[in-house]
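Note sheet for the following structure.
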Number of protein chains: 2
Amino acid sequence: MKREKISELTTNRLSVYLRCLNELAAAGIKTVSSQELAEQFNLNSAQIRKDLGYFGEFGVRGTGYYIEDLRADLTKILGLDKPHRVGIIGAGRLGTALANYNGLSKSNFSVVALFDNDPNKVGEHVGHDRIPVFDAKKIAKVVRDEQIDVAVIAVPARAAQRVLNQVMAAGVKAILNFAPAPLKARLGVKVRTVDLTTSLESLSYFLAQPSSALVTNGNGVPASRAEITQADQTTL
Amino acid sequence: MKREKISELTTNRLSVYLRCLNELAAAGIKTVSSQELAEQFNLNSAQIRKDLGYFGEFGVRGTGYYIEDLRADLTKILGLDKPHRVGIIGAGRLGTALANYNGLSKSNFSVVALFDNDPNKVGEHVGHDRIPVFDAKKIAKVVRDEQIDVAVIAVPARAAQRVLNQVMAAGVKAILNFAPAPLKARLGVKVRTVDLTTSLESLSYFLAQPSSALVTNGNGVPASRAEITQADQTTL
DNA sequence: TTCTGTGAACCATTTCACAGCT
DNA sequence: AGCTGTGAAATGGTTCACAGAA
């Protein structure tokens with residue numbers, strides 16, 4: 001086991017491997033090889049072995065990986081053996097949609113608070129789990145009381161840096177940001193931005209390329225493989 | 001002007017540069033240097049010059065870039081001079097939140113249709129713009145009638161591949177996917193996945209590292225810079 | 001034999017550093 | 001003098017290829 005620094009590309013993939021292992025385990029499968037796993041994601045099998053290799057030797061030569069064991073190891077590595085408590089700043093449509101997203105509980109995340117500065121929203125309770133909406137001025141107090149360790153920024157771009165400063169001041173070290181703004185974070189604080197406009201604009205660039213010009217060949221018929229030159233896929 | 005193949009990292013940044021240029025233009029600023037631009041995103045200025053250099057020579061030595069001109073050039077490069085018509089599959093909370101997201105119209109995207117297989121939702125109209133919800137069975141017809149060129153997948157993971165197959169069959173070549181599933185796309189079709197669980201799990205990994213262990217130093221006080229060893233930030 | 005773990009080779013991306021234009 | 005455009009160097013990430021364990 002080394003002590004190199006792990007790239008985010010690797011941790012992203014570990015998360016994806018873990019999800020797949022959970023499904024395989026649910027299907028009653030006991031072992032899996034790096035080759036089989038790689039096929040699920042069209043990835044090179046060496047990539048998977050390298051990713052795991054940063055953290056230890058989890059496999060059995062000639063056999064592959066024991067799914068239950070690897071699952072436990074990856075859960076531990078990703079810090080998902082301890083629960084995380086999430087606060088969402090911005091109780092607009094996106095914020096409330098995220099608050100209601102069920103996929104998170106599987107990974108030991110629970111949304112415990114929303115924040116907004118609209119007095120009409122403060123005091124309300126959102127969604128099936130009745131998550132309370134607090135005044136955005138109370139971020140510091142609620143972060144402490146509720147032991148929030150992850151913040152989600154779902155406010156307009158112009159408010160995002162201010163909100164980030166508030167949650168950093170409250171001691172939150174991990175932030176998922178949906179505001180399309182370039183944020184400056186303190187050292188030791190990790191901000192991960194998901195920018196929908198940029199994602200769409202990158203797709204637009206792809207569509208604007210000659211290689212994708214033959215979207216349909218004159219009528220509505222999809223072009224055949226032979227006509228198309230470019231293939232591409234991105235995760236995250 | 002070359003004809004190399006452009007990485008998605010570059011197109012992502014072009015989108016971000018463009019947004020910044022739009023703001024600078026709105027503030028009445030006329031020129032900007034790669035150095036000034038770079039400071040906005042804590043990026044190396046050579047990075048910006050390289051990114052632009054793939055597409056032409058847009059700058060003026062000694063002066064920098066004329067904002068209005070570069071804005072027009074980037075808009076054209078990203079294919080944002082032509083409008084894009086977006087269909088969202090899945091009229092759940094995420095799908096409707098996205099349908100109502102205003103940020104997209106600035107980039108010449110308009111959401112023209114939602115799709116669902118819940119009969120209670122089909123026939124409804126969503127949000128301020130009264131976007132119609134169609135039966136998911138009608139994807140092929142509506143894509144043709146409404147000239148949809150970008151699809152957003154906002155359905156549960158188990159349905160995602162099926163939906164992708166449908167939109168590909170309808171001739172859509174650019175897809176933004178929110179389902180946490182590894183999708184297989186045809187050659188010539190670009191799928192971009194935004195995976196919230198993976199984003200959060202990567203943040204969890206960061207929190208689990210010793211270097212971020214001193215979230216607070218015993219009480220609620222944020223750790224000082226000197227105590228913290230790791231800094232990090234990711235866009236997209 | 002099969003499949004892991006891992007150096008070495010390869011490829012992609014970023015940064016440096018400077019020639020050359022304005 | 002200031003700032004772009006771009007080869008060359010440096011860094012980072014992926015794939016190859018194979019020794020060695022089960």
Side-chain angles (χ1 to χ4, degrees), chain A residues 1-14 16-17 21 24 29-67 69-70 73-74 77 202 230-236, chain B residues 1-14 16-17 21 24 29-67 69-70 73-74 77 202 230-236:
Chain A
M1 160 110 95
K2 326 289 173 50
R3 239 325 122 209
E4 311 176 39
K5 119 181 152 312
I6 305 302
S7 102
E8 200 161 316
L9 296 170
T10 294
T11 59
N12 288 167
R13 284 188 300 259
L14 292 180
V16 170
Y17 303 159
L21 292 171
L24 291 173
I29 299 166
K30 296 300 175 201
T31 67
V32 68
S33 68
S34 60
Q35 182 55 49
E36 291 168 314
L37 216 38
E39 280 158 14
Q40 302 281 319
F41 317 113
N42 39 350
L43 220 63
N44 184 297
S45 68
Q47 178 80 86
I48 292 178
R49 297 196 300 276
K50 265 271 152 74
D51 286 337
L52 298 175
Y54 293 125
F55 298 96
E57 307 201 354
F58 303 109
V60 181
R61 290 165 197 228
T63 303
Y65 301 88
Y66 286 103
I67 288 174
D69 292 353
L70 186 55
D73 288 325
L74 288 184
I77 289 166
S202 264
Q230 199 174 139
D232 224 323
Q233 185 134 355
T234 320
T235 297
L236 290 180
Chain B
M1 159 110 95
K2 324 288 174 52
R3 243 318 125 213
E4 312 177 36
K5 119 183 154 308
I6 305 303
S7 100
E8 201 161 316
L9 297 169
T10 293
T11 59
N12 288 168
R13 285 189 299 260
L14 292 179
V16 170
Y17 303 158
L21 292 171
L24 292 172
I29 298 166
K30 296 300 177 203
T31 67
V32 69
S33 68
S34 59
Q35 182 55 51
E36 292 167 314
L37 216 38
E39 280 158 14
Q40 302 281 319
F41 317 112
N42 38 357
L43 222 61
N44 184 298
S45 68
Q47 178 81 86
I48 291 177
R49 297 197 300 277
K50 265 266 151 80
D51 286 337
L52 298 175
Y54 293 125
F55 298 95
E57 307 202 354
F58 302 110
V60 181
R61 288 162 198 230
T63 303
Y65 301 88
Y66 287 102
I67 288 174
D69 292 353
L70 187 54
D73 288 325
L74 288 184
I77 289 165
S202 267
Q230 198 173 139
D232 223 324
Q233 184 132 355
T234 319
T235 297
L236 290 184

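Every chain is numbered from 1 and lettered A, B, ... according to where its sequence line falls, protein lines coming before strand lines.
The distance from atom CZ of A/Phe55 to atom P of C/dT4 is 18 Å, rounded to the nearest whole Å. Regarding B/Tyr17, its OH atom lies at a distance of 14 Å from the C1' atom of D/dT4, rounded to whole Å. Here C/dG5 presents its P atom at 6 Å from CD of A/Glu57, a figure rounded to the nearest Å. Taking atom CD1 on B/Ile48 and atom C1' on D/dG5, their separation rounds to 14 Å, with Å as the unit. When the C1' atom of D/dT4 is taken as reference, atom CZ of B/Phe58 falls 13 Å away, rounded to whole Å. At whole-Å resolution of the value, CG in B/Asn42 and C1' in C/dT14 are 14 Å apart. Computed from coordinates, the B/Asp69 CG to D/dT4 C1' distance equals 15 Å when rounded to whole Å.
A heavy-atom distance below 4.0 Å to DNA chain C is reached by none of the residues of residues 34-41 of chain B.
Here A/Arg13 contributes atom CZ and A/Tyr17 contributes atom OH; the two are 5.0 Å apart, rounded to the nearest 0.5 Å. The NZ atom of B/Lys50 sits 11.5 Å away from the OG atom of B/Ser45 when rounded to the nearest 0.5 Å.
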Quiz item: How does protein contact run along nucleotides 14-22 of chain D, one letter per nucleotide 5' to 3', with B for base contact, S for sugar-phosphate only, - for none, heavy atoms under 4.0 Å?
Solution: SBBB--BBS
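Taking 4.5 Å as the limit, every side-chain heavy atom of B/Thr31 sits out of range of all side-chain heavy atoms of B/Val60. Looking at heavy atoms from C-beta onward, A/Thr10 lies in side-chain contact with A/Tyr54 at the 4.5 angstrom threshold. The shortest side-chain heavy-atom distance between A/Ile6 and A/Asp51 does not fall under the 4.5 Å cut-off. With a 4.5 Å cut-off on side-chain heavy atoms, B/Ile77 and B/Phe58 count as touching. A 4.5 Å side-chain heavy-atom check between B/Val16 and B/Phe41 finds at least one atom pair inside the cut-off.
No side-chain donor-acceptor contact under 3.5 Å links A/Glu36 and A/Gln40.
Heavy-atom contacts from other residues, nucleotides or ligands closer than 6.0 Å to OH of A/Tyr66 number 12 or fewer.
In this structure, A/Tyr65 reaches the C/dG5 phosphate: one of its side-chain N or O atoms is under 4.0 Å from OP1 or OP2.
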